[in-house]
Amino acid sequence: MESGVKKLKKGEREFAITAGVFFVGLIIFLLAGWTVLPRLSYAEKVQPVEFRHAFHGEDVGITCDTCHFFYKDGSWAGIPKMEICVDCHVYLLGQSPEEKKFVHEYVLKNRHVKWGLYFRQPECVSFSHSSHVRMAKVACETCHGPQGLSKKPTEYRTNRITKYSFVVYGAEAPSNNYGGLKKEKSVWGTIRMDECADCHRSRGKSTACFLCHK
Amino acid sequence: MKTREETSRLIRYGMTIDVDKCTGCSNCAVACHMENNVPCRTDETDKSRNIAWMRIYKVTNGAEYPLTRIVYFPRPCMQCDHHTPCVSVCPASATNYDELTGVVDQINTRCIGCRYCMAACPYMVRCFNWWDPVWVGDTGKQLNPDVAPRMRGVVEKCTFCSHRYSKAKNKAHNDGRGYLKEDEYVPACVEACPMGAMRFGDLNNPEHEVSRLIKSPRAFRLLEKLHTEPKVYYLSSSRWIRDMADNYV
């Protein structure tokens, strides 16, 4: 009649079942939290047109300031408007299907491309390109990483809540360290406050809050 | 301790307001509202709940007609230079005194809404957002992109339009210049004053008009006896106005 297993009292058995369910649940949710949630919180996106920087830079031979320039009052033009592309792309220049799509879908229909932004700062931050590019002579790569040399269409991930984004590059590219990604990839994303402040401090520049915040 | 030379090189932005010229027209207050995305309520009569960075105070000498005299005091943030009361009580360092320019800022995203600063401020310049701002009708489309709107639960106040400082600095840096000229950075209220009663500049720079004006015998400040060294000076030729400033306003 007696087996090896000790008979549990009713109360003990109920406790064991509850505890078992709790721990199984805990493990399932922990795993989900670690693996699924990061994926859920970031939306993967691609640019509407497969624009490759390296191609225009190396093969066409135009410099950054043809497209990303300053207006006379020192404000930053940002991503180029259609007028700049149209200087060259009035008609098809080559055979590539991507260019064909670009010319037919956008240029000829006079539509603007809705480029995604992955360096956009939150609303409360004011940033000035002329202070850094003109005055301090900081190179674009210092802050933007390898984006100016993008060889393939840009894929990026945007946090659904904060809208902070980053671009995933190959392992050879430099990284500005966004946690939670595999080692063989490096990422470059929205600059964080400590990055700004570290550089300002190391160069003996002011870190008064109101300079960067509005 | 800073040597004399170092201190005099530091910028101290400040303002002078000539109350003899001020007509109380409130243009400065309106310009300030527009510039800084200050929300309005449908009922603005409750002055303990509404938000205004620039308030106009009307003060009389209390005498019977025909001896009655009226003076208007436009009152932005005084940008206290010494033991800035709000900065010393803020537990979140959401409001800070900048050594290099003398500007007392307010970083709204950092504010936790405890309102110690409102209690500490002797000039009552700080306002609390009791509600999320509501932009009535089309006013939401007129917001200034250079100033981030606030949310409920944070304190806000006049910052001497520090976004205009950033903009001017940006422009100067574009020309390869690290300093600002006198008229490049001016807050919206000063720009809006139709009487030219307000002036703005570096109090430490002898070439700026304000540095001359604050030395005139007409100059005085509000509640000077508290020794918070406000950087907003008032100018008046009337004795009774100057005497009153230390006591009543």
Side-chain angles (χ1 to χ4, degrees), chain A residues 64-65 67-79 81 117 119-140 142-143 159 161-164 190-197 199-214, chain B residues 10-11 13 35-37 77 79 84 87 90 92-111 133 143-151 154 156-180 184-185 187:
Chain A
C64 311
D65 57 5
C67 296
H68 307 295
F69 56 90
F70 290 98
Y71 292 115
K72 275 210 190 70
D73 67 349
S75 57
W76 179 236
I79 300 228
K81 301 252 160 33
L117 282 169
F119 291 103
R120 182 54 88 224
Q121 293 289 345
E123 197 177 43
C124 62
V125 176
S126 69
F127 178 81
S128 130
H129 270 90
S130 36
S131 295
H132 296 94
V133 176
R134 289 266 165 98
M135 194 71 188
K137 308 266 185 294
V138 181
C140 313
T142 318
C143 299
N159 189 305
I161 298 166
T162 63
K163 302 286 180 249
Y164 288 1
T190 314
I191 304 176
R192 287 147 303 163
M193 180 157 110
D194 48 352
E195 283 180 80
C196 311
C199 178
H200 278 210
R201 226 170 271 128
S202 70
R203 298 188 187 212
K205 294 296 170 189
S206 169
T207 50
C209 310
F210 79 96
L211 289 179
C212 307
H213 287 286
K214 59 186 185 189
Chain B
L10 295 176
I11 299 171
Y13 281 114
E35 178 77 16
N36 291 297
N37 299 336
C77 172
Q79 310 277 346
T84 315
V87 172
C90 181
S93 67
T95 182
N96 305 273
Y97 172 76
D98 177 29
E99 288 286 342
L100 296 175
T101 54
V103 171
V104 179
D105 62 13
Q106 172 75 19
I107 309 300
N108 304 97
T109 46
R110 179 79 190 168
C111 176
L143 294 184
N144 182 355
D146 296 332
V147 181
R150 281 70 56 183
M151 66 181 292
V154 303
E156 60 183 67
K157 72 154 190 98
C158 155
T159 58
F160 267 175
C161 284
S162 65
H163 59 284
R164 288 188 164 214
Y165 173 81
S166 302
K167 232 179 178 170
K169 221 34 197 308
N170 177 47
K171 198 167 174 212
H173 280 165
N174 191 50
D175 304 338
R177 179 158 48 84
Y179 61 93
L180 294 180
E184 279 181 323
Y185 163 41

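Side-chain atoms are counted along with the backbone in the values below, which use heavy atoms only and exclude waters and symmetry mates. We name chains A, B, ... by the order of the sequence lines, and we start the count at 1 in each one.
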For this session: Name the region of A/S126, side chain, backbone, both or neither, that has any atom closer than 4.5 Å to a heavy atom of chain B.
Result: side chain
For this session: Using a strict 4.0 Å threshold on nitrogen-to-oxygen distance, state whether B/K167 and B/D146 make a salt bridge.
Result: yes
For this session: Run the numbers on B/R177 and B/E184 for salt bridge (charged side-chain N to carboxylate O under 4.0 Å, His left out), then give the verdict.
Result: CA-CA 12 Å; B/R177 179 158 48 84; B/E184 279 181 323; 2.9 Å; yes
For this session: Side-chain contact test, heavy atoms from C-beta onward, threshold under 4.5 Å: evaluate it for B/L100 versus B/I11 and give yes or no.
Result: no
For this session: Just give me the residue among A/S130, A/G74, A/C212 that pairs up with chain B most often, heavy atom to heavy atom, under 4.5 Å.
Result: A/S130
Exercise. Can you name the residues of residues 159-166 of chain B that have some heavy atom under 4.5 Å away from a heavy atom in chain A?
Worked result: B/S162, B/Y165, B/S166
Exercise. Above 12 or not: heavy atoms from other molecules or residues under 6.0 Å from CZ of A/R120?
Worked result: no
For this session: Spell out, as yes or no, whether a donor-acceptor pair under 3.5 Å connects the side chain of B/K157 to the backbone of B/D105.
Result: no
Exercise. Could you walk me through whether B/N108 and B/R150 pass the side-chain hydrogen bond (donor to acceptor under 3.5 Å, both in side chains) check?
Worked result: CA-CA 7 Å; B/N108 304 97; B/R150 281 70 56 183; 4.8 Å; no
Problem set entry | A/Y71 versus chain B, the contacting section by heavy-atom distance below 4.5 Å | backbone
For this session: Examine distances only and state if a side-chain atom of B/N37 and a backbone atom of B/L143 form a donor-acceptor pair shorter than 3.5 Å.
Result: no
